[in-house]
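Beneath this line is the structure, given in structure tokens, with notes to follow.
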Amino acid sequence: MKIFIIGNGGRENTIAWKIFNSDSFTENNGKLYCTLGNPGIDVFAEPVSISPEDITALKEFAVTEKIDFTFVGPEVVLSQGIVDVFEKSGLMIFGPTKKAAEIESSKIFAKSLMTKNHIPTADYKSFSSNEYDKAFEFLNDCAYPVVIKADGLAAGKGVIIANDKDIAEQTLKDFTAGNSLSTAGLNFIIEEYLEGDEISVFVICDGSTYIILPFSQDHKRILENDKGKNTGGMGAVAPILKYMNESLIEKIKTKIIDPVLKAMKDEGRVYKGCLYCGLIIANNEPYVIEFNCRFGDPETQAVLPLIKSDFLEMLIASAEGGIKNYSLEIDNKYVCCVVLVSKGYPEIYETGKLIKGLEEAETINCLIFHSGTEFDNHRNVISSGGRVMSVVGISNDSMEDAANISYRNAEKINFENKYLRRDIGHRQLATLSTSSNKNKEFAD
Ligand code: AMP
Ligand code: GLY
């Protein structure tokens with residue numbers, strides 16, 4: 001069985017590891033391929049030198065190599081319609097179609113879908129490229145902070161939390177001049193700021209039913225105590241025990257997941273693949289801050305180690321419409337993922353730094369997933385991206401223990417000017433070992 005992974009970051013390294021360790025992969029004599037690869041991914045998958053954004057070349061490779069199943073990591077190719085192209089050629093692929101992926105690629109579409117269907121989210125107003133004056137005027141009436149979001153895909157740079165009107169005005173100027181985001185911010189929304197606790201929810205959908213993977217929590221800001229610039233994610237923990245209870249989980253299903261999947265179906269945008277719901281929990285009520293059409297990074301690194309049932313079978317069930325026959329099993333464990341980043345990230349960052357100590361990392365209860373790394377001419381591993389790698393600690397006992405394992409191993413891996421946040425999991429650490437509320441399976 002030949003499987004092709006598109007994308008080559010920490011999320012895809014985790015997916016490759018998990019597929020490689022699925023019984024169905026071994027039983028079917030599995031072979032993995034991955035676009036470009038990296039030193040972490042290459043352990044499991046043969047690298048293929050095709051850009052993860054070149055849909056035509058990707059399809060040709062899949063046809064020529066007789067690939068049985070393709071997994072897509074990044075949002076860009078999903079929003080460009082890779083699933084439509086592959087399915088048209090009779091190729092099985094995991095992910096939503098172009099029309100369904102619009103739930104991430106247009107924030108204006110996602111907000112209006114939520115409003116029409118009474119899905120709880122922050123109040124907002126959308127503005128198109130010829131309504132700048134109206135938008136500037138609207139800023140006079142806003143309560144601050146206010147959130148300004150580019151309509152289009154912006155690689156994690158499209159959301160600005162403006163603490164005052166001056167910053168809001170400057171953001172609108174930057175967006176509309178195309179300074180920071182090219183065309184992604186020409187249309188935009190201005191949204192109410194919600195105070196609360198954020199969680200990430202991965203919903204695996206097959207077009208008619210779904211399962212929910214363990215809840216996780218990302219740490220988006222660059223500095224400790226959630227200060228500083230937004231990043232792609234500096235670390236994640238799973239499962240989330242604090243704030244979660246049966247009544248909240250029921251609300252997440254009935255007020256958010258069920259209506260959004262129904263609305264998408266009613267609009268002719270049947271949703272398959274992973275629907276990532278970014279939620280803010282305020283007073284035991286869930287509000288959507290974003291939908292993504294894919295697995296999150298670094299949440300994937302924290303969630304997948306908790307899955308006990310066959311992961312490859314789950315992905316195939318999503319593509320084939322078989323989720324109702326899939327039995328999700330979750331391990332009663334705790335996972336903490338700490339991301340090591342390059343100096344300068346999330347702005348211009350250093351690269352080419354020699355990474356030392358990888359062989360010293362523990363192999364029991366610790367996983368290392370590579371994001372921005374490559375081999376130099378002497379087969380040394382060097383940094384090549386802003387987020388360099390994830391150090392993942394896994395514990396049977398507590399989140400504190402999982403965090404200790406991550407940090408102990410993060411110390412062993414070194415490169416010049418390595419930076420990491422020292423407080424990953426801080427919002428969970430108070431309630432970590434309440435066994436009565438340990439991981440549950442949330443299957444519909
Ligand atoms: P996004 O790129 O949509 O995930 O937004 C980036 C981050 O901005 C989120 O993870 C939140 O921390 C924050 N954010 C987005 N929308 C809101 C909102 N309405 N209220 C408060 N924080 C928000
Ligand atoms: N960790 C946030 C994201 O993947 O969008």
Side-chain angles (χ1 to χ4, degrees), residues 1-22 24-38 40-101 104-105 202-207 213 270-276 292-297 300 304 307 310-323 326 369:
M1 181 184 219
K2 291 183 170 179
I3 298 178
F4 188 21
I5 296 176
I6 294 174
N8 67 326
R11 168 183 50 205
E12 289 77 16
N13 191 170
T14 316
I15 297 280
W17 162 76
K18 198 69 184 165
I19 292 178
F20 191 86
N21 287 294
S22 297
S24 62
F25 181 76
T26 319
E27 285 157 11
N28 289 296
N29 209 7
K31 179 160 174 50
L32 269 171
Y33 299 86
C34 180
T35 52
L36 306 180
N38 72 31
I41 295 174
D42 296 356
V43 173
F44 309 105
E46 183 177 317
V48 175
S49 51
I50 301 175
S51 156
E53 303 196 355
D54 186 346
I55 295 182
T56 309
L58 294 169
K59 189 204 80 182
E60 272 163 21
F61 174 81
V63 170
T64 314
E65 284 296 326
K66 298 195 170 52
I67 296 292
D68 296 291
F69 182 67
T70 299
F71 173 89
V72 189
E75 63 275 16
V76 173
V77 268
L78 288 167
S79 73
Q80 288 167 351
I82 189 168
V83 169
D84 311 62
V85 171
F86 270 52
E87 285 184 344
K88 217 166 156 189
S89 296
L91 295 161
M92 191 176 15
I93 184 163
F94 178 90
T97 59
K98 180 176 180 164
K99 271 172 85 178
E104 173 167 3
S105 64
F202 292 170
V203 187
I204 308 299
C205 313
D206 70 357
L213 302 188
V270 173
Y271 199 93
K272 284 164 77 166
C274 179
L275 178 68
Y276 165 137
N292 291 324
C293 64
R294 51 167 175 87
F295 281 90
D297 186 339
T300 300
L304 267 48
I307 300 177
D310 193 294
F311 184 69
L312 175 60
E313 263 178 23
M314 184 191 82
L315 298 178
I316 292 178
S318 159
E320 283 187 327
I323 288 288
Y326 180 79
F369 296 121

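Quick caveat: nothing in here was measured; it's all calculated off a predicted structure.
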* With sequence neighbours excluded, residues passing salt bridge (Lys or Arg N to Asp or Glu O under 4.0 Å) with Lys59 -> none
* Mind checking whether Phe311 and Ile15 have side chains closer than 4.5 Å, heavy atoms only? -> yes
* To do: Decide yes or no for Phe86 and Val72: does some side-chain heavy atom of the first lie under 4.5 Å from some side-chain heavy atom of the second?
  => no
* To do: Drop me the distance from Ile316's CD1 to Phe94's CZ, to the nearest 0.5 angstrom.
  => 11.0 Å
* **Sub-4.5 Å side-chain heavy-atom contact between Leu32 and Phe25** => yes
Review item, side-chain donor-acceptor pairs of residues 48-57, under 3.5 Å, at least two apart:
| unit_1 | atom_1 | unit_2 | atom_2 | d |
| --- | --- | --- | --- | --- |
| Ser51 | OG | Glu53 | N | 2.9 |
| Asp54 | OD1 | Ala57 | N | 3.2 |

* Evaluate the ring planes of Phe202 and Tyr276, with Trp represented by its six-membered ring, and classify them as parallel (under 30°), tilted (30 to 60°) or perpendicular (over 60°). => tilted
* To do: Would you indicate whether the side-chain heavy atoms of Leu36 and Glu12 approach each other to under 4.5 Å?
  => no
* **Shortest non-hydrogen contact between Leu91 and Ala62, atoms and distance** => CD1-CB, 3.9 Å
* Closest heavy-atom pair and its distance - Asn38, Asn13 -> OD1-OD1, 4.3 Å
* **From Trp17 atom CH2 to Ile41 atom CD1, the distance as rounded to the nearest 0.5 Å** => 14.0 Å
* Spacing of Ile82 atom CD1 and Leu58 atom CG [to the nearest 0.5 Å] -> 5.0 Å
* Kindly compute the distance separating CD1 (Ile204) from SG (Cys274), expressed to the nearest 0.5 Å. => 4.0 Å
* Structure fact -> NZ (Lys99) and OG (Ser105) are apart, to the nearest 0.5 Å, by 13.0 Å
* Structure fact -> Here the gap from Arg11 atom CZ to Leu304 atom CG, rounded to the nearest 0.5 Å, amounts to 11.5 Å
* Structure fact -> Which of Phe69, Phe61, Phe71 passes ring-ring contact (aromatic ring centres under 6.0 Å, His included) with Tyr33? Answer is Phe61
* Structure fact -> Applied to residues 64-89, the side chain to side chain donor-acceptor pair (under 3.5 Å) test, sequence neighbours excluded, yields Lys2-Glu65, Glu75-Arg294
